[in-house]
Amino acid sequence: MSDPIKPVIVGATPAGARPDEDLLEGLNPQQREAVTYRGQALLIVAGAGSGKTSVLTRRIASLLRGREAWPSQILAITFTNKAAGEMRERVEQLVGDSARGMWISTFHSACVRILRREAEQFGFTKSFTIYDSGDSRALIKRLVKQHEADAYGLTPAAVQGKISKLKNELADAESYARTANLSDPAERLFVEIFGDYQRELQKANAFDFDDLIGQTVFLFRAFPHVADVYRRRFRHILVDEYQDTNHAQYALIHELTRPVVGAASEPYASGGMMIFEADQAPELEGASLTVVGDSDQSIYAFRGADIRNISEFERDFPGAKVVLLEQNYRSTQNILSAANAVIGHNFDRKDKKLWTDVGEGEKIVGFTGYSQHDEAQFVADEVETLRRGGLDYSQMAIFYRTNSQSRALEEILIRAAVPYKIMGGTKFYERAEIKDALAYLIAVANPADEMAMRRIINRPRRGIGDVTIETIARYAADEQITFRDALANATSLGVGPKIQTAITHLDAVLVEAAEIMLPASGEVAPPTSVADGLNVLLNKSGYRDALRASKDAQDEARLENLDELVAVAREFARNNPEGTLLDFLTEVSLVADADDLDDASGSVSLMTLHTAKGLEYDAVFLTGVEEDLIPHRISAGEPGGPQEERRLFYVGITRARKRLYLSLAMTRAQFGEVSVAMPSRFLQEIPVDLMHWRQSPGDVNSRGGTQSRALNARRGFSGGSGGGRYGDDLVPLPRREKPAGDLSQFANRIPAKVRDNGDMVLGPGDRIRHDDFGEGRVDAVTGEGAKRVAHVRFDSAGAKKLLIKIAPIEKL
DNA sequence: AAGCTTTTGATTTTT
DNA sequence: TCAAAAGCTT
């Protein structure tokens, strides 16, 4: 490598000894190659569980230890903050403090860092705010209404989706207009809305998530001397989960890895654009690029990820080296064989076979329930069995395709007193009260952001409705001032005295908070200023008072959430003593839920298959393995849909280390209707001998299913002859057109409503009757208050744990 | 402007 | 089913 800035360190490693010998310890030959290869471009095709994070972190460490790069010359990009945090931690373990100077971050936060520095180059200020999808939807909704576009079938959601898609392709309103069919009035309207949306963002000094990437690319292309600054700085770029990159992200990487042309030794010298002769030799060759990915795990095409970025890497970067990691260090061979078999049904992919040397392991367990509750009961029972066998709850996970499936699982888990935690789900920062509080902060940090102002102007209720808001907006437009500044002239707005007072008061509160959080230039705000300012805003605006006065029980929780946010601000100040209000807002906008993962200790994790990517568990329950669920019904119509669903299923399977359970239900209540479900086609793609069906779809079908599982729970092993051989002959699929009369037999045995046994007293020796499990004897009672759990040995259904308060039981 | 009732319609998700 | 959004009333 002709790296001109290669540092030479006195007293470096003695000649001959490899400085990175320990970094290669325990690595297989392919992994070693991935760590040590040096060249312009390297693609690491890393199958599931093949130790890619280890390879990536060691590669970085090896670059640093070999003095091939300064920390500041390394840019490592991941998709989530969690992944970035983990990577930083692991690099730190290898190289210590020097990890600090590196940029290890997500695409989005890397772009924010760049944009904050360069925003003034193109009409934004450093204090720009970031619109999340909710913010942009609100804005688009307003624009759709303004243009009366719903008459043409342009819903806010559709417009938002289309704009996002276009931005991921680096298109803007003008370039799209050139290709669009403008004789279609809906198209014309869309182009107008797109244009307006962009103008509104600019006016609000804001970027949406897609802009963070797209505008950075724009910046680099429009101002080559700016791009050169970053090209000089980042000499080694590493991208994780490359199969999930969209076109804009791809373009960003491309821009950053371009050679630096010309003699611009003073990058900002001329300010304008510099034209160079084409034949000029590059002053500095492009940065080295390492990407890691697995096209079989690409499950985000629906949000713009372009699988071609990885499949055509070698074409995009000629001379690229490709390293294939196929040895799996996570799962048993049975699990891997199932995964290989399933993914093998996808055509148009490079063949790749995961293998392991840990042995076959347990068979994959299959189970078919009569209803989703029945299925859930199986999962809960099995979780308990594993727990009794010594497996910690935190080593088990339950996956499902759609969030709505979690409900039935939760109901049963609560009853069975199994501690669980839902990953993903509603996010803290998406709660209304948190968004309100943040809008107050934004109103202070970026007064140009009208969205934030509109959000808070009537929260708490100040009697300001649409009419008044439009009056203010019109006044601001007439006077050529911002919405925020218009508030200072409440008397000139021509609104009622009551409203005038309210507006003046809000203005005063914002001013007071600004004095706390935004000190005069030259001064530095004390670290606590954000938390203090936030408290001022929440208290003096009357926001907290309104919640306290409310009789809605949820509002108490909202107050607690606000306290939590203040605590987050304090914590932020502790970790970033120099952190400003803007830094805090950036972190909060870009960081989803900080440490969801660590909280899961001692509980079973529930999550969607998408959320499961990148995680691993000893025991995995993949539930709802039914047609129309996985593959999801809607995916059938989309190009590449079924294949992506198969990859999703593959991702789910490969999360399991030792035990994998595939379960489904014969009937599923969806949208209030009970419908018959068919086993997923993916089940048939798993070789029969890898699976052991506790209850196969055939069993359930032949029996007609009037019994709830609870009554025949001990029947268990259906093996031997007959129904248990699902897969030999093609599955006896239940017919969809089954008469509705039959369905009632499957109706949920478990009522959706939670019953309350009040303070029923139970003790060891008591006999009880359970709606589903029949009679049994209490062995012991543990826990306290509402969480008392009875350990019951049922006469026919075996041992169960029951939450006394809500279990459908009576004392005999 | 705010509170009520009716209607609608419903993957997957990180930033 | 069930929550959110739209529509309607006061």
Side-chain angles (χ1 to χ4, degrees), chain A residues 77-84 105-112 130-137 141 145 150 155-157 161 164 167-168 207-214 241 244-246 248-249 298-305 372 399-405 407-408 423-427 429-430 432 457-458 460-469 496 498-499 502 552 586-593 596 607-614 624 628-638 641 644-645 647-649 651-652 668-675 748 751-753:
Chain A
I77 292 184
T78 62
F79 266 80
T80 65
N81 292 291
K82 198 176 75 196
S105 69
T106 63
F107 270 107
H108 296 266
S109 32
C111 286
V112 170
I130 301 162
Y131 278 15
D132 69 16
S133 22
D135 299 329
S136 54
R137 197 173 63 235
K141 205 169 155 187
K145 210 168 191 175
D150 43 343
T155 63
S164 172
K167 284 188 172 181
N168 286 337
F207 296 98
D208 65 20
F209 280 139
D210 298 318
D211 277 345
L212 293 177
I213 316 284
E241 306 280 16
D244 287 335
T245 48
N246 60 36
Q249 291 161 335
S298 158
I299 54 174
Y300 286 114
F302 73 90
R303 66 173 198 218
Q372 54 200 336
F399 300 159
Y400 36 80
R401 175 66 234 270
T402 69
N403 283 308
S404 62
Q405 289 169 253
R407 207 183 210 108
M423 318 286 271
T426 323
K427 279 153 212 108
Y429 292 109
E430 278 166 25
I457 195 155
N458 198 33
R461 302 231 148 91
R462 300 184 172 93
I464 298 174
D466 291 347
V467 179
T468 311
I469 291 175
K498 225 171 153 182
I499 293 178
D552 187 338
T586 303
E587 167 140 329
V588 166
S589 313
L590 295 180
V591 172
D593 274 271
D596 235 0
M607 68 192 87
T608 66
L609 285 165
H610 283 90
T611 311
K613 192 165 89 161
D628 289 352
L629 223 40
I630 178 147
H632 197 278
R633 175 199 302 232
I634 297 170
S635 74
E638 282 161 25
E644 178 147 323
E645 296 285 308
R647 290 194 292 270
L648 191 53
F649 189 60
V651 165
R668 188 164 293 274
Q670 234 183 344
F671 310 147
E673 295 268 292
V674 178
S675 57
N748 302 335
K753 281 197 194 73

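A, B, ... follow the sequence lines: proteins, then strands. Residue 1 opens every chain. What you see below is based on every heavy atom in this structure, not just the backbone, and it leaves out hydrogens, waters and symmetry mates.
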Engineer: Indicate yes or no: at least one non-hydrogen side-chain atom of Gln249(A) is less than 4.5 angstrom from one of Asp244(A).
Structural biologist: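 No, every pair of side-chain atoms sits at 4.5 Å or beyond.
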Engineer: Given dT14(B), dT15(B), dA6(C), which nucleotide is nearest the side-chain atoms of Lys141(A)?
Structural biologist: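 Of dT14(B), dT15(B), dA6(C), dA6(C) is nearest to the side chain of Lys141(A).
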Engineer: Nearest heavy atom decides the nucleotide; on that basis, is Asn458(A) or Arg401(A) closer to the 5' end of DNA chain B?
Structural biologist: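 Between the two, 5'-proximity favours Asn458(A).
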Engineer: If you look at every strand shown and take non-hydrogen atoms under 4.0 Å, does Thr611(A) touch a base, only sugar-phosphate, or nothing?
Structural biologist: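 Sugar-phosphate contact only - Thr611(A) comes under 4.0 Å of backbone atoms but never of a base.
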Engineer: If only side-chain N and O atoms of Thr468(A) are considered, is one of them under 4.0 Å from the OP1 or OP2 phosphate oxygen of dA1(B)?
Structural biologist: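 Yes, Thr468(A) has a side-chain N/O under 4.0 Å of OP1/OP2 on dA1(B).
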Engineer: Look at the side-chain N and O atoms of Arg407(A) and state whether any lies under 4.0 Å from the OP1 or OP2 oxygen of dA3(C).
Structural biologist: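 Yes.
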Engineer: Starting at NE2 of His632(A) and ending at P of dT12(B), how long is that distance when rounded to a whole Å?
Structural biologist: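 Interatomic distance, NE2 of His632(A) to P of dT12(B): 7 Å.
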Engineer: Return the nearest nucleotide to the side chain of Thr80(A); candidates are dT15(B), dT13(B), dA1(B).
Structural biologist: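 Among dT15(B), dT13(B), dA1(B), the one nearest the side chain of Thr80(A) is dT15(B).
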Engineer: Report yes if the side chains of Tyr131(A) and Asp211(A) come closer than 4.5 Å at any heavy-atom pair, otherwise no.
Structural biologist: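 With C-beta onward as the side chain, the pair stays apart.
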Engineer: Checking base pairs now: Watson-Crick or wobble, both atom distances under 3.5 Å. What partners dT12(B)?
Structural biologist: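 Paired with no nucleotide.
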Engineer: Output the rounded distance in Å from CD1 (Ile77(A)) to C1' (dT15(B)).
Structural biologist: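 The answer, rounded to whole Å, is 13 Å.
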Engineer: Between dT15(B) and Asn246(A), is there an OP1 or OP2 to side-chain N/O distance shorter than 4.0 Å?
Structural biologist: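 Negative; the distance criterion is not met.
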Engineer: Which nucleotide wins on minimum distance to the side chain of Ile634(A), given the candidates dT11(B), dT15(B), dT13(B)?
Structural biologist: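 Nearest listed nucleotide: dT11(B).
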Engineer: Between Arg303(A) (CZ) and dT12(B) (P), how many Å, whole number?
Structural biologist: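 My rounded result for the distance is 13 Å.
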Engineer: Whole Å only: how far is the NZ atom of Lys498(A) from the C1' atom of dA2(B)?
Structural biologist: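 To the nearest whole Å, that distance equals 13 Å.
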Engineer: Given dT15(B), is OP1 or OP2 found less than 4.0 Å from the side-chain N or O atoms of Asn81(A)?
Structural biologist: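 For Asn81(A), the contact criterion (side-chain N or O under 4.0 Å from OP1 or OP2 of dT15(B)) is met.
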Engineer: Kindly point out which of dT11(B), dT15(B), dT13(B) is positioned nearest to the side chain of Thr402(A)?
Structural biologist: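 Output: dT11(B).
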Engineer: So Gln670(A), base contact, sugar-phosphate only, or nothing? Heavy-atom distance under 4.0 Å.
Structural biologist: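 Counting heavy atoms under 4.0 Å across all strands, no contact is made by Gln670(A).
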Engineer: Let's test your reading of the model: under 3.5 Å, does the base of dT15(B) pair with the side chain of Ser133(A) as donor and acceptor?
Structural biologist: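 Answer is yes: a donor-acceptor pair is held.
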Engineer: Ring-on-base stacking between Phe671(A) and dA10(B), under 5.5 Å between centres and under 30° between planes: is it there?
Structural biologist: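 A stacking contact exists, since Phe671(A) sits close and nearly parallel to the base ring of dA10(B).
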Engineer: Does Asn403(A) put a side-chain nitrogen or oxygen below 4.0 Å from OP1 or OP2 of dA10(B)?
Structural biologist: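 No.
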Engineer: In whole Å, what is the span from the CG atom of Leu590(A) to the C1' atom of dT13(B)?
Structural biologist: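 Spelled out: CG on Leu590(A) to C1' on dT13(B) is 15 Å.
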Engineer: Identify the nucleotide, in any strand shown, that forms a Watson-Crick or G-U wobble pair with dG3(B), with both distances under 3.5 Å; if there is none, say none.
Structural biologist: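 Because both required distances fall under 3.5 Å, dG3(B) counts as paired with dC8(C).
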Engineer: Base, sugar-phosphate, or nothing for Asp466(A), non-hydrogen atoms under 4.0 angstrom?
Structural biologist: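 Result for Asp466(A) = sugar-phosphate.
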Engineer: According to a strict under-4.0 Å criterion, is Ser404(A) in side-chain N/O contact with OP1 or OP2 of dA10(B)?
Structural biologist: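 Checking Ser404(A) against dA10(B): no side-chain N or O falls below 4.0 Å of OP1 or OP2.
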Engineer: Less than 4.0 angstrom between a side-chain N/O of Arg633(A) and OP1 or OP2 of dA10(B), yes or no?
Structural biologist: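 Arg633(A) to dA10(B) OP1/OP2: no side-chain N or O under 4.0 Å.
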Engineer: Provide the closest heavy-atom pair for His632(A) versus Thr402(A) in the form atom of the first, atom of the second, distance.
Structural biologist: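 Closest pair (atom of His632(A), atom of Thr402(A), distance): CD2-CG2, 3.8 Å.
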Engineer: Locate the shortest heavy-atom distance separating Arg303(A) from Asn168(A); write the atom from each residue and the value.
Structural biologist: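 What the structure gives for the nearest pair is O-ND2, 3.6 Å.
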Engineer: Can Phe79(A) be classed as stacking with the base of dT14(B), given a centroid separation cut-off of 5.5 Å and a plane angle cut-off of 30°?
Structural biologist: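 Answer is no, no stack.
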Engineer: Return the 5'-most residue of the pair Thr106(A), Phe302(A) with respect to DNA chain B, ranking by each residue's nearest nucleotide.
Structural biologist: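 Looking at the nearest nucleotide for each, Phe302(A) comes out on the 5' side.
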Engineer: Mind listing the closest non-hydrogen atom pair of Tyr300(A) and His610(A) along with its distance?
Structural biologist: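 The answer is OH-O, 3.5 Å.
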Engineer: Salt bridge check: are Arg668(A) and Asp628(A) linked by an N-O gap of less than 4.0 Å?
Structural biologist: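 Judged by the 4.0 Å cut-off on N to carboxylate O distance, Arg668(A) and Asp628(A) do not form a salt bridge.
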Engineer: In whole angstrom, what separates Tyr300(A)'s OH from dT14(B)'s P?
Structural biologist: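 Between P of dT14(B) and OH of Tyr300(A): 6 Å.
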